[in-house]
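Worksheet: the structure to be examined is printed underneath.
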There are 2 protein chains.
Amino acid sequence: MPKKIEITNNIRRLRFFANEMTQQELAEKAGVSRQTIIAVEAGKYSPSLELAFRIADAFGVAIGEVFDYTVVGETKK
Amino acid sequence: MPKKIEITNNIRRLRFFANEMTQQELAEKAGVSRQTIIAVEAGKYSPSLELAFRIADAFGVAIGEVFDYTVVGETKK
DNA sequence: ACAATATGTAAAAAGTACTTGACATTTAGT
DNA sequence: ACTAAATGTCAAGTACTTTTTACATATTGT
């Protein structure tokens, strides 16, 4: 995948806004392991689209409110 | 991942709305192989979040306009 | 000081996405 | 009838995501 992209996320923020939801709770709501939440939240890798949808769903928001997408080198509007 | 989910997409429709963009062109815009576009468009597998963003970007729309997410068993509002 | 909860790290194994290359089928243009 | 372009299929290999297990550290309440 040539054009480089950065995906950042607001999971930590959203967890705190969402009544201090723990990583464990989010993991359960999203149906994945806690490890996966830790890794995604820490930006170690970006999730599958499916998991992205599950996480957004756990917070009741759209994917775009959880994950930000930036094309490296271009300035995103 | 326990709760089953279905991810469908409007890639084909969007390609035609977008001036009959071919799979090849979309592949180039998104920076992936044509094979990948074929597989995702045909629903053989769902893409990574990164690719989902790239595809949405190629059409200039949000992810939610390209991909639909349905929790199987529950009726999505 | 102790126990319980939340977060973090690491690493192997399994599963899924993506690439490459090669070939088949369909459709449109000449 | 031929050619070119677009779509589709198959398969082997690489890369990345996710799980599982096990342990480390920090924070809070008793």
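Just the heavy atoms: all of them, side chains too, but no hydrogens, waters or symmetry mates, feed the values below. Every chain is numbered from 1, with letters handed out A, B, ... down the list of sequences. What you are looking at is a predicted structure, and each value in this text was computed from that prediction instead of being measured.
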Quick one, A/V66 with A/N10, criterion side-chain contact (heavy atoms from CB on, under 4.5 Å). Give me CA distance, side-chain angles, the key distance, then yes/no. CA-CA 5 Å; A/V66 183; A/N10 302 317; 5.5 Å; no

How long is the straight-line distance from CD of B/Q24 back to CD1 of B/I38, given to the nearest 0.5 Å?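 Result: 9.0 Å between the selected atoms.
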
Whole-Å distance between [N] [atom2] and [X] [atom1]?
X	N	atom1	atom2	answer
B/I38	C/dT26	CD1	P	16 Å
B/L26	D/dT7	CG	C1'	14 Å
A/E20	C/dT5	CD	C1'	13 Å
B/E28	C/dT19	CD	P	13 Å
A/R15	C/dT5	CZ	C1'	13 Å
B/Q24	D/dG8	CD	C1'	14 Å

Could you tell me if the side chain of B/L49 sits less than 4.5 Å from the side chain of A/I63, heavy atoms only? yes

All N/O pairs under 3.5 Å across the protein-nucleotides 15-20 of chain D interface:
| residue | atom | partner | partner atom | Å |
| --- | --- | --- | --- | --- |
| D/dT17 | OP1 | A/S46 | O | 3.0 |
| D/dT18 | OP1 | A/S48 | N | 3.1 |
| D/dT18 | OP1 | A/S48 | OG | 2.8 |
| D/dT19 | OP2 | A/S33 | N | 2.8 |
| D/dT19 | OP2 | A/S33 | OG | 2.9 |
| D/dT19 | OP2 | A/T36 | OG1 | 2.4 |

List the steps, then state whether side-chain contact (heavy atoms from CB on, under 4.5 Å) holds for B/V71 with A/D57. CA-CA 10 Å; B/V71 179; A/D57 206 39; 4.2 Å; yes

Looking at B/E50 and B/R54, is there a salt bridge between them, counting it only when a charged N and a carboxylate O are closer than 4.0 Å?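 Salt bridge: yes.
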
Think B/Q23 has a side-chain N or O under 4.0 angstrom from the OP1 or OP2 of D/dG8? yes

Respond yes when some side-chain nitrogen or oxygen of A/R12 is under 4.0 Å from OP1 or OP2 of C/dA6, and no when none is. no

Determine, step by step, whether A/F67 and A/V40 satisfy the side-chain contact (heavy atoms from CB on, under 4.5 Å) criterion, reporting the C-alpha distance in whole Å, the side-chain angles of both residues, the deciding distance to 0.1 Å, and the verdict. CA-CA 10 Å; A/F67 299 95; A/V40 172; 4.1 Å; yes

B/T22 side-chain proximity, nearest of C/dA6, C/dG8, D/dA6: D/dA6

